[in-house]
Number of protein chains: 2
Amino acid sequence: METAGTAVGAPARPGLRERRKQRTRDALVRAALELIATRGYERTTVDDIVAAVDVSQRTFFRYFAGKEEVAFFVTRLAESRVLEAVRARPPHETPLEALRRAVLDSWDGINEAVERLVPLDLHMRVYRVIESTPALLAAHLRRATELEEELARVVAEREGLDVDADPRPRILVAAFGGVVRVAERRWSAGEDHSTEAMRDLMTTCLDQVGPALAGNWRTGPSPNRANET
Amino acid sequence: METAGTAVGAPARPGLRERRKQRTRDALVRAALELIATRGYERTTVDDIVAAVDVSQRTFFRYFAGKEEVAFFVTRLAESRVLEAVRARPPHETPLEALRRAVLDSWDGINEAVERLVPLDLHMRVYRVIESTPALLAAHLRRATELEEELARVVAEREGLDVDADPRPRILVAAFGGVVRVAERRWSAGEDHSTEAMRDLMTTCLDQVGPALAGNWRTGPSPNRANET
DNA sequence: GAAGCTAATGTCAGCGACTGACAGTTGACA
DNA sequence: TGTCAACTGTCAGTCGCTGACATTAGCTTC
């Protein structure tokens with residue numbers, strides 16, 4: 001469906017109607033995240049959001065299935081990136097290696113992608129609200145397990161296995177996901193919200209999986225336990 | 001005010017008022033679970049529940065913080081049992097060992113404890129509704145992470161560590177929790193809902209953690225390797 | 001450029017979860 | 001027995017969310 005007068009070289013610009021839709025959706029997202037970041041999730045009503053954009057409440061619910069969904073609009077970016085990154089890993093890598101490298105790689109350029117939607121700082125503030133609001137945290141965890149389910153499928157396909165027959169894909173992904181969530185929490189709770197800090201935290205946490213699972217912690221000192229005592 | 005009435009022991013029998021409270025709460029739980037198991041969660045209104053017990057809606061919300069809470073009333077039993085079991089493990093065990101043994105042990109006698117509240121079969125049906133209802137699944141996962149947080153604290157204390165300084169307790173618990181959830185899902189999705197089936201599934205899944213995390217899956221055969229290492 | 005189609009939006013009414021305020025009832029206890 | 005506190009019910013109202021129907025406004029076609 002080529003519309004009139006769009007050169008092949010330039011990105012096919014959608015019609016006015018489509019652009020308007022995009023604009024109101026972005027406006028809703030921005031207004032919602034700004035309100036949520038400042039007033040909190042529960043103290044932000046849908047009426048507040050639609051009043052800021054001057055559309056009807058009904059319109060909001062046509063764009064988003066619920067109040068929760070708008071809060072995760074930016075987060076979804078990162079999720080899809082991770083999934084893509086895992087698919088792109090070369091097949092000779094170990095499943096765990098593939099997951100680890102994919103997650104670390106997917107952080108490169110994520111900031112720019114986010115910034116195209118909302119200010120990065122805003123997204124950070126919203127993320128902390130998500131982690132501290134019971135209803136949003138619950139939704140976040142559910143979304144995470146859905147992502148894990150897809151990851152398990154990808155891993156199983158990589159290895160030529162049946163997800164439902166062999167439990168290892170789901171187990172690997174579940175364990176991996178748990179560790180990632182620990183890293184995310186430490187990151188958002190800490191001071192340094194840079195991408196590098198995230199990478200460091202993630203690698204440290206993933207490196208600790210072996211030591212954490214195996215053996216007696218008290219026998220030998222762990223790789224880096226500078227902060228003990 | 002406090003529901004801390006000692007349900008055991010003969011001497012301190014609670015007064016009539018306390019007994020009435022207990023009775024209405026149990027009635028609400030039973031009615032709610034029965035309705036949820038048969039009609040599903042979303043298709044069960046609070047009005048339906050209170051109509052079955054013949055109390056006002058306001059009373060329901062004085063007993064339960066929300067509609068969700070009543071659905072997890074029985075599940076909470078298992079959670080507290082697991083926590084107790086971990087605390088009871090001898091300190092010479094490896095953290096992973098302690099968790100594993102605690103979870104497996106806590107299933108002994110769980111059926112009897114559940115049956116004191118509602119028929120076991122009813123609880124099973126509700127559990128499957130929880131896993132298949134987005135809103136309930138989200139709440140379930142959030143509760144699970146709260147339990148993991150407490151478990152991490154217990155593990156850290158066992159090993160004489162600071163939960164916030166050393167990441168290993170949370171990492172271990174997160175990975176462990178992920179695997180447990182895989183086992184739970186397989187169990188509730190399968191046919192055999194017996195305690196033994198759960199034990200078998202749990203042990204197999206936990207035995208697969210090592211193989212899943214380490215090495216190349218394609219070199220070694222056997223999706224089911226006897227517990228080595 | 002006017003007419004027709006259709007997607008996007010607004011309005012209205014209503015359901016269900018949940019809460020605060022107030023009043024009535026009923027165990028507990030002196 | 002009477003007083004007090006706890007338990008419950010009623011009522012009104014907020015908020016998230018949805019279906020039905022009317023209205024507006026791009027886009028297409030002639």
Side-chain angles (χ1 to χ4, degrees), chain A residues 1-6 12-29 31-32 35-36 39-73 129 133-136 138-139 142, chain B residues 1-5 12-29 31-32 35-36 39-73 129 133-136 138-139:
Chain A
M1 308 278 188
E2 285 294 319
T3 32
T6 36
R13 179 161 139 182
L16 172 58
R17 192 180 254 164
E18 207 59 36
R19 270 179 290 147
R20 274 183 61 104
K21 258 173 52 175
Q22 191 85 19
R23 197 149 36 106
T24 48
R25 179 167 53 233
D26 288 0
L28 282 171
V29 170
L35 285 166
I36 289 172
R39 306 221 290 244
Y41 180 71
E42 335 254 28
R43 299 159 64 85
T44 302
T45 72
V46 177
D47 283 335
D48 291 338
I49 299 169
V50 299
V53 188
D54 198 50
V55 293
S56 75
Q57 202 197 50
R58 198 68 185 81
T59 298
F60 176 90
F61 285 111
R62 278 197 259 261
Y63 279 101
F64 308 100
K67 199 175 91 170
E68 282 175 8
E69 202 180 285
V70 72
F72 292 105
F73 193 81
V129 173
T133 307
L136 288 183
R142 190 178 52 102
Chain B
M1 194 178 272
E2 287 296 315
T3 54
R13 172 158 150 197
L16 171 56
R17 192 176 254 167
E18 206 60 35
R19 270 180 290 150
R20 275 183 61 114
K21 260 173 51 175
Q22 190 87 15
R23 211 164 11 132
T24 47
R25 179 168 53 233
D26 287 1
L28 282 170
V29 169
L35 285 167
I36 289 172
R39 308 222 291 244
Y41 180 71
E42 336 253 31
R43 300 160 61 85
T44 302
T45 73
V46 177
D47 283 337
D48 291 337
I49 300 169
V50 300
V53 188
D54 199 51
V55 294
S56 75
Q57 203 199 45
R58 199 67 185 84
T59 298
F60 177 90
F61 285 110
R62 285 200 181 96
Y63 279 100
F64 308 100
K67 201 175 90 170
E68 282 175 9
E69 202 179 287
V70 70
F72 293 105
F73 194 81
V129 173
T133 306
L136 288 183

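In what follows, every chain begins at residue 1, and chains take the letters A, B, ... in the order their sequences are listed. Both backbone and side-chain heavy atoms feed into the values below; hydrogens, waters and symmetry mates do not.
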Rounded to whole Å, how long is the line connecting atom [atom1] of [X] with atom [atom2] of [N]?
X     : N      : atom1 : atom2 : result
B:Q22 : D:dT8  : CD    : C1'   : 18 Å
B:R23 : C:dG27 : CZ    : P     : 11 Å
A:E69 : D:dC17 : CD    : C1'   : 13 Å
A:R43 : D:dC15 : CZ    : C1'   : 15 Å
A:K21 : D:dT24 : NZ    : P     : 21 Å

Assign each of B:R20 and A:E18 to its nearest nucleotide of DNA chain D by heavy atoms, then name whichever residue's nucleotide is nearer the 5' end. B:R20
With side chain to side chain contact (heavy atoms under 4.5 Å, CB included) as the criterion, how do B:V55 and B:L28 come out once you've worked through the C-alpha distance, each side chain's angles and the decisive distance to 0.1 Å? CA-CA 9 Å; B:V55 294; B:L28 282 170; 4.1 Å; yes
With heavy-atom distances below 4.5 Å as the criterion, would you say the side chains of [X] and [Y] are in contact?
X     : Y     : answer
B:K67 : B:F61 : no
A:Y63 : A:V29 : no
B:V46 : B:V50 : yes
B:R58 : B:R62 : yes

Using side chain to side chain contact (heavy atoms under 4.5 Å, CB included), reason through A:F72 and A:L136 one step at a time and then give a plain yes or no. CA-CA 9 Å; A:F72 292 105; A:L136 288 183; 4.0 Å; yes
With each end axis built from five pairs of C1' atoms, what bend angle do you get for the helix from C:dG1-D:dC30 to C:dA30-D:dT1? Round to 10°. 10°
For B:F60, give me all partners under ring-ring contact (aromatic ring centres under 6.0 Å, His included), at least two apart in sequence or on another chain.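 B:F60 satisfies ring-ring contact (aromatic ring centres under 6.0 Å, His included) with B:F64 once adjacent residues are dropped.
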Ionic contact status for B:R39 with B:D48, cut-off 4.0 Å: yes
Look at the side-chain N and O atoms of B:T24 and state whether any lies under 4.0 Å from the OP1 or OP2 oxygen of D:dC7. no
Side-chain N,O (A:Y63) to OP1/OP2 (C:dA8) below 4.0 Å: no
Base-contact (B) and sugar-phosphate-only (S) positions in nucleotides 12-23 of chain C, heavy-atom cut-off under 4.0 Å, - elsewhere: -----SBBBB--
How do B:R17 and A:S56 order along DNA chain C: which one's closest nucleotide is nearer the 5' end?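 Looking at DNA chain C, the more 5' nearest nucleotide goes with A:S56.
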If you apply the rule side chain to side chain donor-acceptor pair (under 3.5 Å), what do you find for B:R25 with B:Q22, and how did you get there? CA-CA 5 Å; B:R25 179 168 53 233; B:Q22 190 87 15; 3.3 Å; yes
